[in-house]
Asker: 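Sharing a structure, written as structure tokens. Questions coming.
Naming convention: chains lettered A, B, ... in sequence-line order (proteins, then strands); numbering from 1 in each chain.
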Amino acid sequence: MPTPRSDRSPWNWLLLVPIVIPLLTPLYNFDSPRLFGFPAFYWIQLSFILLGVATTSVVYQMTRRPAASVSEPSAPSASESSEASDE
Amino acid sequence: MSEHITEIVIFTVLFLLVSGMGFVAARWRAPKDMAHLDEWGLGGRSFGGWITWFLIGGDLYTAYTFVAVPALMFGAGAAGFFAVPYTIVIYPLFFLVLIRLWSVSHRHGFVTPADFVRTRFDSPTLALLIAITGIVATMPYIALQLVGIEAVLKTMGVTGDSPLARHAPIIIAFAILAAYTYQSGLRAPALIAFVKDTLIYIVIIVAILYLPYKLGGWGSIFDAADAKFQASPSPNDGIILNANNQLQYITLALGSAFALFLYPHSITGVLASKNRNVIKRNMSALPAYSLLLGLIALLGFMAISAGVKPLPGAKEGTVDSNTVVPLLFDQQFPSWFAGIAFAAIGIGALVPAAIMSIAAANLFTRNIYKEYLRKDATPAQEAGVAKITSLVVKIGAVAFIIFLDPQFSIDLQLIGGVIILQTAPAVALGLYTRWLHRGGLVAGWIAGMSMGLWMLYQVPNAATGRAHFGGSAFPLSKFGFDTPKTIYVGFIAVAVNLLVVVIVTLILRAAKTPEGVDGTEPDDYLADEGDPRLEKSRTSPDAIASST
């Protein structure tokens, strides 16, 4: 191994946001303001889903590794194409 | 029954169509040789992003969820919405944990979480505890999938008077499920999950557009729910939380999130994916299901607004609140579409039930059969034992439903969540640290398990009049605090578990008790697809053929 691999990245700290925010009930435990008839309790929590998706997507994009290329030089292209074909 | 004939026909046709797919699945992406636990139990560890998304999604969001969460909303209001924060926090929480578990399992050929614990802590005893905990927690979960199908059948009027006649459709459905799981292994639920999710998405999109239109808009749906909870004598229901159940809401959401990926069947779905990026991408794509779940939960309020009265339960004077969603569909949709909706719930039960029985079978095969009964079992023997175990597990689940009150399996599932949490220190923390001593982990498991069961025993259920195992909300006043607040049992139990683990570890380390040999290396936790140091058994010609 030339360089030791690692999962460490400052971007990982971002994951705390969608873990902590949805658990703070005082933020959203209200009936008003309503949105399309939904009390705040419901539409705010549903919008936290977007927060979760956005945060994990950013962390994934910022920390993704290139495809496996440790031993065989042809590995990256081979694994890319097999991935495309199965999806 | 006659007025439901259209529904029954559509339900049956779709159900049989999907069962046919289950049998064909054995040939889907299959290697030459299925007689290997990696192939039968993990689909060859080759699933890419889309398949994994459907598989894990089909696994975590079960028919029971689709029936029980709205039922909870129908009965208790806002407290039932905990399912939404629960399924939001879970993905960031496990984002980094699961890739480590995947890497070390890929590198060493682990099939179950107990395999990992066995190698990490050099302790067959601890691995046995983890395996038994997993099997015990999974069984009632499978039984609950039957509760989901049964709610649909009951609504269609497919019931009889004797216990055998009442359960005959379920027995037939499960016999079919058992047969194709036996043949196709994890490939069957992976393939069926496409159909299941497509049906469920169609049904939910139609439901959230069409039903509010029929019921006078979202505003009036929430107002109807509010009016019902205002009028009810219970202090803890309502369309928002009150001062006393917020701590319960938070701890239940967080505790359930921790528990979900410790369940053996979720880990099976994760280990079946082909590389780390597939898992990471899924952690940001899976919340699409959380949106679905949130909208499904609101069907409970629509049922209130539509004036649904749940069907009677198994015992005199009780109601089966699980029937509210099927009844809502039955009353509001044209019968052909209700038939599709019922098929969606029914098929929705098959996918998780299949994965759960495979996960339980993997645990038995690897951590009990191979560890204690036949150490030199070949991969083909392992696959054979797992196939038979998966049948036994499903027969057990059917027996749960036939011989016990279904309410009892719901209680067991509640207990299941609390007990599976007790594997967190060994499985989840074990991925990060070897400091914990195997003796400490065993002691912590015993302490957490006893504490959790004792607390659950103390919780009465006001609605059903039962004195014990009535829920997961433990009154803090029983610890001597002067407050009406409640907290999730699993949260306290796992805290006690951890405390004992740390104390006993300190004692055993001070006494220089042997801690065994760690079979893993730091670099194992970072391995990815194509790692040159894969275990030799995984590089047989078949494994190579199926992994490329």
Side-chain angles (χ1 to χ4, degrees), chain A residues 1 4-7 9 12 14-26 28-31 34-43 45-46 48-61 63-72 75-76 78-79 82-87, chain B residues 29 46-51 78 81 84-89 91-93 95-96 99-100 212 217-223 226 239-242 246-247 249-250 253-254 257 274-278 280-281 283-285 287-288 290-291 294-295 298 522-523 525-532 548:
Chain A
M1 289 300 125
R5 290 178 291 190
S6 171
D7 280 331
S9 162
N12 291 340
L14 212 54
L15 295 172
L16 277 176
V17 173
I19 297 175
V20 172
I21 304 256
L23 296 176
L24 301 175
T25 48
Y28 53 77
N29 194 27
F30 309 105
D31 190 324
R34 289 196 174 194
L35 185 70
F36 305 117
F38 283 67
F41 182 80
Y42 299 91
W43 69 259
Q45 289 192 79
L46 289 174
F48 287 156
I49 296 173
L50 295 177
L51 176 74
V53 171
T55 330
T56 42
S57 302
V58 167
V59 177
Y60 166 60
Q61 289 300 335
T63 60
R64 69 183 296 182
R65 284 190 203 154
S69 58
V70 187
S71 56
E72 306 109 326
S79 78
S82 76
E83 190 162 356
S85 65
D86 94 355
E87 292 177 11
Chain B
R29 304 160 55 89
S46 64
F47 293 151
W50 279 103
I51 301 171
F81 213 62
V84 171
Y86 151 44
T87 52
I88 295 173
V89 302
Y91 302 108
L93 202 58
F95 190 89
L96 297 168
I99 49 174
R100 281 178 80 83
W218 284 103
S220 71
I221 290 170
F222 283 106
D223 288 339
D226 195 27
I239 62 166
I240 61 169
L241 300 169
N242 63 25
Q246 292 191 35
L247 183 64
Y249 190 83
I250 297 166
L254 189 60
K274 68 176 189 174
N275 62 34
R276 297 178 130 224
N277 277 342
V278 166
K280 278 191 168 185
R281 244 183 306 161
M283 292 295 113
S284 52
S290 312
L291 186 63
L295 297 171
L298 294 174
D523 207 42
Y525 296 88
L526 302 161
D528 206 344
E529 186 188 15
D531 191 290
T548 46

Asker: Against chain A, work out which of B:V84, B:I88, B:L241 has the most heavy-atom pairs shorter than 4.5 Å and name it.
Answerer: B:L241

Asker: Do A:F41 and B:I239 make a side-chain contact, defined as non-hydrogen atoms from C-beta onward lying under 4.5 Å apart?
Answerer: no

Asker: Relative to chain B, which segment of A:F36 carries a heavy atom at a distance below 4.5 Å: side chain, backbone, both, or neither?
Answerer: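 Contact with chain B involves the backbone of A:F36 alone.
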
Asker: Mark yes or no for whether A:Y28, through its side chain, and A:P22, through its backbone, hold a donor-acceptor pair below 3.5 Å.
Answerer: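 Answer holds: yes.
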
Asker: At a heavy-atom distance under 4.5 Å, which candidate from B:Y249, B:Y86, B:F222 has the highest pair count against chain A?
Answerer: B:F222

Asker: By a 4.5 Å heavy-atom criterion (distance strictly below it), what part of B:I99 contacts chain A: side chain, backbone, both, or neither?
Answerer: side chain

Asker: Can you find a pair of side-chain heavy atoms, one from A:Y60 and one from B:M283, that are under 4.5 Å apart?
Answerer: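 Heavy-atom side-chain distance check fails, nothing below 4.5 Å.
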
Asker: Top residue by heavy-atom pair count (under 4.5 Å) with chain B, among A:I49, A:N29, A:V53?
Answerer: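 Top count of heavy-atom pairs under 4.5 Å with chain B: A:N29.
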
Asker: Ignoring hydrogens and angles, tell me if any N or O in the side chain of B:D528 forms a donor-acceptor pair with the backbone of B:R276 under 3.5 Å.
Answerer: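 Yes, because the side chain of B:D528 sits within donor-acceptor range (under 3.5 Å) of the backbone of B:R276.
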
Asker: Side chain, backbone, both or neither: which part of A:T55 has a non-hydrogen atom closer than 4.5 Å to chain B?
Answerer: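 Neither part, no heavy atoms under 4.5 Å.
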
Asker: From B:L93 CG over to A:T56 OG1, what is the distance, rounded to the nearest 0.5 angstrom?
Answerer: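 Going from CG on B:L93 over to OG1 on A:T56, the span is 12.5 Å.
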
Asker: Look at B:I221, B:L96, B:L295 and state which one has the largest set of heavy-atom pairs under 4.5 Å with chain A.
Answerer: B:L96

Asker: When heavy-atom pairs shorter than 4.5 Å are enumerated against chain B, which of A:G52, A:P39, A:S57 gives the highest number?
Answerer: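 Result: the option with the highest number of such pairs is A:P39.
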
Asker: With respect to chain B, which residue among A:L51, A:D31, A:L23 yields the maximal number of heavy-atom pairs within a distance under 4.5 Å?
Answerer: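 Heavy-atom pair counts peak at A:L23.
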
Asker: Using non-hydrogen atoms only, which part of B:L298 is less than 4.5 Å away from chain A: side chain, backbone, both, or neither?
Answerer: side chain

Asker: Please work out whether the ring planes of B:F81 and A:Y42 are parallel, tilted or perpendicular, with thresholds of 30° and 60°.
Answerer: perpendicular

Asker: B:W218 vs A:F38 aromatic rings, parallel, tilted or perpendicular, using cut-offs 30° and 60°?
Answerer: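 Because their plane-to-plane angle lies in the 30° to 60° range, the rings of B:W218 and A:F38 count as tilted.
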
